[in-house]
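Following: one structure in structure tokens, then a few remarks.
Naming convention: chains lettered A, B, ... in sequence-line order (proteins, then strands); numbering from 1 in each chain. The structure displayed is predicted, hence computed values, not measured ones.
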Amino acid sequence: MEKKPMKGQKKIGIDEIARELGCSKTTVSRAISGKGRISDGTRKRVLEYCEQCGYRPNSLAKGLADSKTYNIGVVLPDDQDLNEIPFFQNCLLGICEMATGMGYDAVVTTASAKDISTIKNMIEKHKVDGVILTRTLVEDPSVDYLLEQGVPFIVAGSHKNPNVLQVDNHHVEACRELTSLLLTNRASRIAFIGGNLDHMVSQKRFAGFRAGMALHQRSIKDELVFLNCNTKVLVGQAVETILKQQADCILCMDDKICNQVLMKLNEEHLSIPKDIKVASFYDNLFLQCHNPAITALQFDEKELGRVACKMILDSIAGKTIKQKVYLGYDIVLRPSTKQNNFLSL
DNA sequence: CGAAATTGGGTTGCATCTCA
DNA sequence: TGAGATGCAACCCAATTTCG
């Protein structure tokens, strides 16, 4: 075939570079990959020519040779939480950042407990080398499926099966510490509003709350604990009951619930922290900017994404990695849980 | 119609060449 | 003679095309 320069549009491959430089494509491949024996002079010559002609490796071809796709699947939850909880976007940003840096692309899909067909499609059609699950359920069909298929995957969260790669924040410890801090700060009747207990993270946070209460020899009062509050209406009803029960602090399992609590308290014309204190087991910008700002646990979700991605890609590359990694947290005390002056000793 | 060849660009095991 | 440099050719995989 006659080779004609096509105004920079023509994609050149290592064959043409080899022909141009009078060497074999093996030599070109070695110069580019840095693998195998090659003289410094030859490597320099090849790399210079690659630079000059704007060579870009064809990742499909590389994938073919390596039996890899160089894609990593990212599964987000298929529900409205996606819009309301910034966690997933931030986690995804971290994943994409790390994936790009490691020569991979992120292929994003959504799935739910009821329907994991998107994940099956990804795997069956060989679109990805591995998968990152950004939410885990106590009974998780995605995890079961990926285990069954022997697909490399990691959960950005926790799972009961110790053989599953996991990276998570220290939710139990963090929630225990914040609960304990609130109790130390003279919150005497703490009410708890939690979301879907099917989610692993909800289990962890609730466990942390119980541990914090136990630390102060407080019993969990059924009339002050509201779980599986999945809707704004349920949260609103919980707040109404909590107010009747004269709790002095509402502890919210996550930022979405906390937003709904704040809206409800606003409707009721209640003042924070004078009438009631509020804290959240998850932070977000809205809670930070709220007046008064809301005490919350802060996690670096972007870092969580980065670490999850690095772990699974390292694992795919055959490196030995830790089975479970924990990331830290910060407790950010803000005016929403400040002691009222007249209560101070 | 089924079987075999071809296609894509890069990687790699092994053979061969070169030169001190 | 042997270590380093280089090249040949099979291979990756699955869809598509060609052949008998």
Side-chain angles (χ1 to χ4, degrees), chain A residues 1-75 95-111 115-133 142-154 165 306 308-321:
Chain A
M1 282 288 276
E2 183 72 22
K3 56 172 175 1
K4 309 171 189 162
M6 293 168 72
K7 293 177 186 171
Q9 289 298 311
K10 176 92 174 82
K11 291 176 195 162
I12 77 158
I14 62 171
D15 258 329
E16 284 161 88
I17 295 170
R19 212 180 308 130
E20 208 62 38
L21 294 176
C23 63
S24 75
K25 60 180 192 170
T26 306
T27 303
V28 176
S29 173
R30 285 188 186 130
I32 293 164
S33 70
K35 294 177 193 165
R37 281 208 287 231
I38 186 169
S39 71
D40 287 345
T42 307
R43 173 180 292 120
K44 191 155 171 269
R45 203 160 65 93
V46 172
L47 293 180
E48 268 171 11
Y49 185 77
C50 287
E51 175 75 33
Q52 185 192 320
C53 67
Y55 167 75
R56 289 284 173 275
N58 182 326
S59 61
L60 280 179
K62 183 169 165 50
L64 184 60
D66 295 343
S67 294
K68 284 183 179 165
T69 65
Y70 291 101
N71 288 326
I72 186 78
V74 182
V75 183
I95 291 171
C96 290
E97 186 186 302
M98 183 59 72
T100 304
M102 294 179 74
Y104 268 75
D105 289 306
V107 175
V108 180
T109 190
T110 58
D115 182 9
I116 62 162
S117 57
T118 52
I119 301 179
K120 287 184 174 172
N121 185 56
M122 239 183 201
I123 302 305
E124 283 165 9
K125 293 184 178 166
H126 308 268
K127 295 195 176 194
V128 296
D129 295 339
V131 172
I132 301 173
L133 300 176
S142 310
V143 170
D144 296 342
Y145 171 74
L146 294 170
L147 277 174
E148 183 189 303
Q149 296 295 314
V151 176
F153 74 104
I154 187 167
L165 289 183
R306 280 192 212 103
C309 186
K310 176 156 176 37
M311 281 174 71
I312 189 63
L313 294 186
D314 278 348
S315 171
I316 289 168
K319 295 186 191 167
T320 314
I321 57 162

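- Put simply, A/Tyr55 has a side-chain N or O that comes within less than 4.0 Å of OP1 or OP2 on B/dG10.
- A donor-acceptor pair under 3.5 Å is formed between the side chain of A/Asn71 and the backbone N or O of A/Lys127.
- As rounded to whole Å, 19 Å separates atom P of C/dC12 from atom CG of A/Asn58.
- The separation between A/Lys44 atom NZ and C/dA5 atom C1' is 18 Å, rounded to whole Å.
- The neighbour count for A/Lys68 NZ, taken as heavy atoms of other residues, nucleotides or ligands under 6.0 Å away, is above 12.
- The distance from atom NZ of A/Lys68 to atom C1' of B/dG10 is 14 Å, rounded to the nearest whole Å.
- Between A/Arg37 atom CZ and B/dT16 atom P the separation is 16 Å, expressed in whole Å.
- Under 3.5 Å, the side chain of A/Lys25 and the base of B/dG10 form at least one donor-acceptor pair of N or O atoms.
- Checked by atom type and distance alone, the side chain of A/Ser315 never pairs as donor or acceptor with a backbone atom of A/Met311 at under 3.5 Å.
- What separates CG of A/Leu60 from C1' of C/dC13 is a distance of 12 Å, to the nearest Å.
- Applying the 4.0 Å criterion to OP1 and OP2 of C/dA14, one finds that A/His126 has a side-chain N or O inside that range.
- Side-chain N/O atoms of A/Arg30 and base N/O atoms of B/dG10 include no donor-acceptor pair closer than 3.5 Å.
- The distance from atom CG of A/Leu64 to atom P of B/dT11 is 11 Å, rounded to the nearest whole Å.
- Note: CD1 (A/Ile38) to P (C/dA5) measures 9 Å, nearest angstrom.
- Side chain of A/Asp129 to main chain of A/Thr69: a donor-acceptor pair is present (N/O by atom type, distance under 3.5 Å, no hydrogens or angles).
- Closest approach of A/Ala99 and A/Cys309 over heavy atoms only: N-SG, 3.6 Å.
- Projected onto DNA chain C by closest heavy-atom contact, A/Asp66 and A/Ser24 fall at different nucleotides, the more 5' of which corresponds to A/Ser24.
- Distances shown here put a side-chain N or O of A/Thr42 below 4.0 Å from the OP1 or OP2 atom of C/dT6.
- Residue contacts shown for A/Ile14 include a base, since a base heavy atom lies under 4.0 Å away.
- Looking at which nucleotide of DNA chain B each of A/Ala61 and A/Thr26 is closest to, the 5′-most match is held by A/Ala61.
- Nucleic acid contact class of A/Ser39 (heavy atoms, under 4.0 Å, all strands): sugar-phosphate only.
- If you check every strand for non-hydrogen atoms under 4.0 Å, A/Lys35 touches sugar and phosphate atoms only.
- In this structure, A/Ser29 does not reach the B/dG10 phosphate: none of its side-chain N or O atoms is under 4.0 Å from OP1 or OP2.
- In this structure, A/Lys125 places its NZ atom 14 Å from C1' of C/dA15, rounding to the nearest Å.
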